[in-house]
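Notes follow the structure.
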Amino acid sequence: MKFVDEVAITVKAGDGGNGCMSFRREKFIPKGGPDGGDGGDGGSIFLEADVNLNTLVDYRYTRRFNAKRGENGRGSDCTGAKGEDMVLPVPVGTTVIDAGTQEIIGDLTEPGQRLLVAQGGFHGLGNTRFKSSVNRAPRQTTQGSLGDLRDLKLELKVLADVGLLGLPNAGKSTFIRSVSAAKPKVADYPFTTMVPNLGVVDVGQLRSFVIADIPGVIAGAADGAGLGTRFLKHLSRTRLLLHLVDMAPLDQSDPVEAVETILHELGKFSPSLTLRERWLVLNKCDQLLEDEQQTILDDVVERLEWEGPVYVISASERQGTAELAKDVMNWLDEREHRLVEDEEYAEAMAELDQRIEDEARAHIQELDDRRALRKQGIGTGDLDDDDDEDDEDGPEIIYVR
């Protein structure tokens, strides 16, 4: 199953049925009066969050959806049948945007949540509706109104408690394999991971959290380099960021520069995202001696002036990963408790979440506008067109519980 997190679709609600003009004509009742029935309402279109879906691939090829129109009214006071509503299932975490106005219509973040995106047309009135003491044979009817026609953009942001940050080959996928049942592809070359991987981390009875590996973050990612902003947006809904850094990179690169590169891209994508709780995790400690580990740790903390939590782990050897997972779970529990008990903290977190969402939306829209202008030959730039290509052999999603 391919991972698709952005699609554009068109929805057309059903038109309302027309009212009927009819008069009762039966034996011995030559002037029975008007008996034209109303038409039926047109069917509406809803989007519904389905917990069993993880991708928008169903809307990659079928992109127009029409609800049924209402039937016309009939004689003998028969009302036309109502058009059947259409319900389109989407993954939990889907944002629905009006493609014309860029207005966010709704955000489906809860399983079973339903959102009306196109209202069906209202039924027309039959001539029975117009009879009166002075108008005993009305010939007036009304037409059913048109159903809504809308162009929509659907964006999926994965719902995870914890997001993993880091340059390619920092060990993010290996870390997920070590703490959860997810089995993403792991190899010794950059950009092994091409889609977000989700894993459920169990740390005890009835205690678990969801962790996501966000691929494609490199220098220039916020401006579209590599996989660009295609997956950076998935970080906007995480509660905690784990920043993985390779302690012993094969190219002898500086771990501090690796941290600063990612932080710079986060700031360009959404300045408020840098305010999200972030822990530093130094990975691949098994490749170094203990004194070398301590030297690198001290150097990184001092040069970054880091004041937050720091962990030294080896994801491949599962060294220190269990302790890190427990600390993450405890932090998440404490955060939930504080959100309930501390109203001021809850308001601050809600405001931060909204700022991150707004900044991410503005940044993505700016890149989309620049890409559209360049396609028309108006603008130039270094945007990556990889996302615009319809790759039939694209990567498959790996979502495992």
Side-chain angles (χ1 to χ4, degrees), residues 1-16 40-70 81-123 144-160 195-196 198 210 212 229-238 350 353-354 356-358 360-362 364-365 368 387 390 394 397 399 401:
M1 180 170 58
K2 290 180 172 57
F3 179 78
V4 178
D5 60 354
E6 287 187 11
V7 293
I9 65 173
T10 299
V11 292
K12 174 64 172 71
D15 300 334
D41 291 333
S44 299
I45 299 182
F46 297 85
L47 297 183
E48 184 176 47
D50 189 340
V51 72
N52 296 313
L53 296 179
N54 293 315
T55 173
L56 294 168
V57 69
D58 293 337
Y59 304 99
R60 188 176 185 183
Y61 305 110
T62 304
R63 300 194 176 185
R64 185 177 180 92
F65 300 89
N66 299 321
K68 292 184 177 180
R69 74 182 303 275
K82 179 183 182 300
E84 183 179 356
D85 290 337
M86 177 178 287
V87 180
L88 304 177
V90 295
V92 177
T94 299
T95 301
V96 186
I97 304 163
D98 189 300
T101 64
Q102 298 303 317
E103 173 190 4
I104 296 180
I105 301 174
D107 210 357
L108 301 172
T109 58
E110 299 292 335
Q113 184 179 353
R114 185 174 287 192
L115 176 67
L116 174 65
V117 294
Q119 176 66 55
F122 189 71
H123 61 266
S145 63
L146 297 178
D148 291 342
L149 173 63
R150 306 183 81 170
D151 292 323
L152 303 177
K153 182 179 179 181
L154 306 184
E155 289 186 356
L156 171 63
K157 299 186 183 75
V158 297
L159 296 179
V195 299
L198 289 184
V210 180
T229 57
R230 180 175 178 181
F231 296 130
L232 271 175
K233 64 187 177 186
H234 293 293
L235 293 173
S236 62
R237 289 182 175 165
T238 57
D353 291 343
Q354 189 59 52
I356 293 174
E357 187 76 22
D358 293 342
R361 162 75 34 223
I364 292 174
Q365 185 58 44
D368 288 345
D387 290 346
D390 196 11
I397 184 172
Y399 276 50
R401 280 183 179 268

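All values derive from a computational prediction rather than experimental measurement. Only this structure's heavy atoms are used, side chains among them; waters, hydrogens and symmetry mates stay out.
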Below 3.5 Å, can you tabulate the donor-acceptor pairs from side chains in residues 82-89 to any protein atom, sequence neighbours excluded?
{"residue": "Lys82", "atom": "NZ", "partner": "Asp85", "partner atom": "OD1", "Å": "3.1"}
{"residue": "Asp85", "atom": "OD1", "partner": "Ser44", "partner atom": "N", "Å": "2.8"}

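- At least one side-chain heavy atom of Phe122 sits under 4.5 Å from a side-chain heavy atom of Asp41.
- Under a 3.5 Å cut-off, the side chain of Arg150 and the backbone N or O of Val117 do form a donor-acceptor pair.
- Considering every non-hydrogen atom in both Gly112 and Glu48, the closest pair reads O-OE2, 3.8 Å.
- Looking at Thr10 and Leu149, their side chains come closer than 4.5 Å, going by heavy atoms from C-beta outward.
- Heavy atoms only, all atoms of each residue included: Pro111 and Val51 are closest at CB-CB, 4.3 Å.
- Closest of all the heavy-atom pairs between Leu152 and Val11 is CD1-CG2, 3.8 Å.
- Inter-residue side-chain proximity for Leu47 and Thr94 is flagged as unmet; no heavy-atom pair is nearer than 4.5 Å.
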Show me the donor-acceptor pairs, under 3.5 Å and distance only, between side chains in residues 100-107 and residues at least two apart or in other chains.
{"residue": "Thr101", "atom": "OG1", "partner": "Glu103", "partner atom": "N", "Å": "3.3"}
{"residue": "Gln102", "atom": "NE2", "partner": "Ala99", "partner atom": "O", "Å": "3.1"}
{"residue": "Asp107", "atom": "OD1", "partner": "Thr95", "partner atom": "OG1", "Å": "2.9"}
{"residue": "Asp107", "atom": "OD1", "partner": "Arg237", "partner atom": "NH2", "Å": "2.4"}
{"residue": "Asp107", "atom": "OD2", "partner": "Arg237", "partner atom": "NH2", "Å": "2.5"}

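- More than 12 heavy atoms of other residues, nucleotides or ligands shown are found within 6.0 angstrom of NZ on Lys12.
- Looking at every heavy atom in both residues, Leu156 comes nearest to Pro91 through CD1-CB, 3.8 Å.
- Counting only distance, with no hydrogens or angles, the side chain of Asp15 and the backbone of Arg69 share no donor-acceptor pair below 3.5 Å.
- Atom CG of Leu115 sits about 5.5 Å away from atom CG of Leu108, to the nearest 0.5 Å.
- A distance of 7.0 Å separates CZ of Phe46 from CD of Gln119, quoted to the nearest 0.5 Å.
- Side chains of Val90 and Asp50 form no contact here, defined as non-hydrogen atoms less than 4.5 Å apart.
- For Glu357, the salt bridge (charged side-chain N to carboxylate O under 4.0 Å, His left out) partners are Lys157, not counting sequence neighbours.
- Smallest separation of non-hydrogen atoms from Ile45 and Phe65: CD1-O, 3.6 Å.
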